[in-house]
Number of protein chains: 2
Amino acid sequence: MAGVKDVARLAGVSVATVSRVLNDSAAVTGETRARVLEAVAELGYRPNAVARSLRTDTTRTIGLVIGDILNPFFTELARAVEDEARRSGYSVVIGNADERPERQDHYVRTLLEQRVDGLLLCPTAEITPLVRDVVRDGAPLVFLDRTLPGLDVPTVRADGAEAIGALVAHLRGLGRRRVAFISGPALLSTGRERTEAFRAAMRANGLEVPEEYLVAGDFRAGSGRETAARLLDLPRPPEVIFAGDNLMALGALDEIRARGLRIPADVGLASYDDVPWFAHLEPPVTAIEQPVQELGRRAVRALLDRVERRPVEPAVLAARLVVRRSCGEAPENRGDGEGSGRA
Amino acid sequence: MAGVKDVARLAGVSVATVSRVLNDSAAVTGETRARVLEAVAELGYRPNAVARSLRTDTTRTIGLVIGDILNPFFTELARAVEDEARRSGYSVVIGNADERPERQDHYVRTLLEQRVDGLLLCPTAEITPLVRDVVRDGAPLVFLDRTLPGLDVPTVRADGAEAIGALVAHLRGLGRRRVAFISGPALLSTGRERTEAFRAAMRANGLEVPEEYLVAGDFRAGSGRETAARLLDLPRPPEVIFAGDNLMALGALDEIRARGLRIPADVGLASYDDVPWFAHLEPPVTAIEQPVQELGRRAVRALLDRVERRPVEPAVLAARLVVRRSCGEAPENRGDGEGSGRA
DNA sequence: AAACAGCGTGTAAACGTTTACAAGACGTTG
DNA sequence: CAACGTCTTGTAAACGTTTACACGCTGTTT
């Protein structure tokens with residue numbers, strides 16, 4: 001494949017000049033410039049980013065390791081990240097951890113070897129030795145969506161406490177007092193926090209949460225179905241099942257349907273994470289929407305701040321309740337059912 | 001950051017030896033080997049893949065340019081590709097074309113500059129000059145899901161003709177004779193072929209297709225909604241709307257719901273592409289399922305065959321009809337509603 | 001007219017690996 | 001004991017860029 005040397009020869013200039021016109025890093029006569037560009041076109045020259053990266057010690061690439069590529073939340077997130085990165089002239093390399101620590105590590109390692117300029121990580125449950133090392137070595141790292149305890153890494157995430165409060169209040173307004181929560185893994189910040197917020201909200205609304213109403217899943221559909229089954233088998237089953245993420249909500253939905261129960265008449269359903277098709281189900285499901293676009297944007301900005309040695313600002317954004325019909329027809333405040341955009 | 005030199009110095013050996021133990025490319029004494037590994041651990045040495053790639057002229061990375069990352073079909077595809085690639089020791093870099101030729105080109109260019117070892121492309125509508133050049137230059141390229149006319153590039157895709165035939169037969173069995181089709185862009189192979197197959201199937205079943213029942217969308221939800229509206233406004237609206245991909249089906253669904261029409265009583269709905277949540281809608285929607293996993297696997301194998309200069313085999317796999325309830329209750333053959341797995 | 005500033009260009013080193021080639025140590029064979 | 005093979009190791013070149021530095025030319029300032 002043609003290199004800068006070939007271009008130089010054809011244009012009758014030195015390699016330095018070629019490089020200069022290609023990056024317009026220094027003044028070059030209009031005429032030489034033209035000759036070089038002509039040669040470039042003629043040879044179909046494509047700069048070798050590998051060589052450039054080696055020389056400049058920068059790849060203009062960031063890594064993004066997500067929890068699960070089949071989870072629409074992460075897909076949307078990936079897209080937002082990608083958009084913002086492109087705007088700043090960076091490419092994104094995505095790694096799919098599949099919620100498995102060893103696969104997460106695989107990507108962290110690979111991406112660092114590939115010398116990405118920065119790394120966005122949605123950490124899986126455990127804090128692996130590798131991640132600890134990477135943090136210690138001071139690699140440009142930003143946590144996204146989730147965080148890990150005791151690690152000094154800037155994090156961009158959403159806080160659902162307020163929205164969960166609104167949800168519980170909404171449920172009480174509908175006369176539903178027995179609410180169960182399917183949490184994510186306790187090892188995950190997003191798992192723990194949502195559980196805590198739920199407990200607090202229930203308490204604040206004067207509602208009890210029996211221990212058996214707090215079950216743990218793993219953020220995958222299968223666990224949603226199993227835990228929902230456990231809940232519905234209870235002697236005194238809950239009036240509403242609140243799932244800690246969209247995939248577990250899907251699993252719960254399956255179980256409810258399989259038992260021939262009606263939503264919301266027999267049991268209500270709500271979900272953390274809103275995904276496009278929630279609105280298309282019958283009945284549409286009430287959910288808590290995270291500001292995904294903004295999360296992605298902020299994460300990239302934080303990371304690039306880090307990379308370019310500017311002061312970095314972590315961010316905690318607010319999630320928001322979107323009331324639909326899966327927990328009962330609201331006699332209260334009948335909105336448009338879609339909420340109305342806080343950015 | 002520590003380099004191979006530092007390791008060599010610390011271990012008291014030459015850089016060549018370090019490289020040798022790292023790649024175990026040649027015999028090294030057990031003792032030296034141990035010393036080197038110790039030094040590697042001590043320094044937290046991470047090989048520089050950029051330098052290695054420059055030297056070896058190989059990145060062990062393949063590029064994947066998909067049509068739209070928000071389309072679950074492509075997400076699943078990406079995942080399958082990624083799995084298979086990892087199994088062969090390759091990483092995947094994903095580019096999201098957003099169904100825009102210029103963005104597709106952006107990624108094709110970037111990935112080639114990054115010197116991926118091979119490129120998997122789901123081409124957008126037009127055949128851009130860049131793509132033509134790339135093909136001419138003989139870059140290791142394989143088309144996936146879609147193909148471009150007049151370009152000699154191995155392609156891995158699914159053929160839905162048979163499944164569409166089965167769908168039309170199914171509809172006729174239900175007594176539905178007036179079927180409309182929302183096609184994808186005529187410029188896309190997947191757009192054209194599905195239309196043709198639909199026409200042929202209707203003819204074979206002795207059914208008419210008035211011109212106004214053939215409308216074109218762009219594989220995005222919005223167009224599904226608009227075209228569905230046009231169809232439903234017809235003086236003699238169709239009894240079934242068949243959407244050319246899952247996103248347009250979603251749009252059509254919205255329009256149907258917005259008009260308060262019942263599915264399948266007032267109008268039936270079917271979709272090309274099956275996605276997980278179709279089964280969760282009420283009623284569950286009848287769809288044509290593509291062998292996504294297999295598509296991904298075959299594509300990677302074809303590409304790696306190409307890369308490693310083995311003979312490459314293109315592949316055309318069969319799609320399959322999954323009958324659910326969105327076109328009417330079948331008095332005929334009442335299956336499990338999920339079909340039963342042909343691989 | 002000498003000194004100098006500014007501009008366009010070229011020469012060559014450097015980035016961190018891998019690897020061809022050479023060389024030294026040692027054992028085996030004639 | 002010389003010759004040779006084998007096995008482990010080291011030296012140095014190469015990969016395709018970018019860029020510090022030097023150079024020569026032109027025009028301006030003293």
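Letters A, B, ... are given to chains in the order of the sequence lines, protein chains preceding strands, and every chain is numbered from 1. Owing to the predicted nature of the structure, the values given are computational and were not obtained by experimental measurement.
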Determine whether a donor-acceptor pair (N or O, by modelled atom type, separation under 3.5 Å) exists between the side chain of [X] and the backbone of [Y].
X: A/D117; Y: A/R60; answer: yes
X: B/R309; Y: B/R306; answer: no
X: B/N23; Y: B/S19; answer: yes
X: A/D6; Y: A/G3; answer: yes

Expressed in angstrom and rounded to an integer, what is the separation of [X] atom [atom1] from [N] atom [atom2]?
X: B/R55; N: C/dA20; atom1: CZ; atom2: P; value: 7 Å
X: B/K5; N: C/dG16; atom1: NZ; atom2: P; value: 7 Å
X: B/D57; N: C/dG16; atom1: CG; atom2: P; value: 20 Å
X: B/R9; N: D/dT11; atom1: CZ; atom2: P; value: 13 Å
X: A/R33; N: C/dG8; atom1: CZ; atom2: C1'; value: 14 Å
X: B/Q114; N: D/dG16; atom1: CD; atom2: C1'; value: 15 Å
X: B/D24; N: D/dT9; atom1: CG; atom2: P; value: 14 Å
X: A/L22; N: D/dT18; atom1: CG; atom2: C1'; value: 11 Å

Does [X] put a side-chain nitrogen or oxygen below 4.0 Å from OP1 or OP2 of [N]?
X: A/N23; N: D/dT18; result: yes
X: B/S53; N: D/dC15; result: no
X: A/R52; N: D/dT18; result: yes
X: A/T17; N: C/dG10; result: yes

Problem set entry | First of B/V15 and A/V18 reached from the 5' end of DNA chain D, by closest nucleotide |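 Taking each residue's closest nucleotide, the earlier one in sequence belongs to B/V15.
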Exercise. Quick one: on DNA chain D, does B/A51 or B/T29 contact a more 5' nucleotide (nearest heavy atom)?
Worked result: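 So the residue in question is B/T29.
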Within the 4.0 Å heavy-atom criterion, would you say [X] contacts the bases, only the backbone, or no part of the nucleic acid?
X: B/V50; result: nothing
X: B/T32; result: sugar-phosphate
X: B/S19; result: base

Problem set entry | Of the listed nucleotides D/dT8, D/dG16, C/dT19, the one nearest the side chain of B/A16 |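 Shortest atom-to-atom distance from the side chain points to C/dT19.
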Exercise. Nearest of C/dG10, D/dG16, D/dT18 to any side-chain atom of A/N48?
Worked result: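 The nucleotide sitting nearest to the side chain is D/dG16.
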Problem set entry | Residue met sooner reading DNA chain C from 5', once B/S25 and B/L54 are mapped to nucleotides |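 Its nearest nucleotide lies further toward 5', so the answer is B/L54.
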Exercise. With respect to B/T124, which candidate in B/Q104, B/R146, B/R100 satisfies the side chain to side chain donor-acceptor pair (under 3.5 Å) definition?
Worked result: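 Testing each of B/Q104, B/R146, B/R100 against B/T124, the sole residue satisfying side chain to side chain donor-acceptor pair (under 3.5 Å) is B/Q104.
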Exercise. Going by atom types alone, do A/T147 and A/T155 pair a side-chain donor with an acceptor below 3.5 Å?
Worked result: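 Yes, A/T155 and A/T147 have a side-chain donor paired with an acceptor closer than 3.5 Å.
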For this session: Kindly indicate whether the side chain of A/R20 and the base of C/dG10 share any N or O donor-acceptor pair separated by less than 3.5 Å?
Result: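 Yes.
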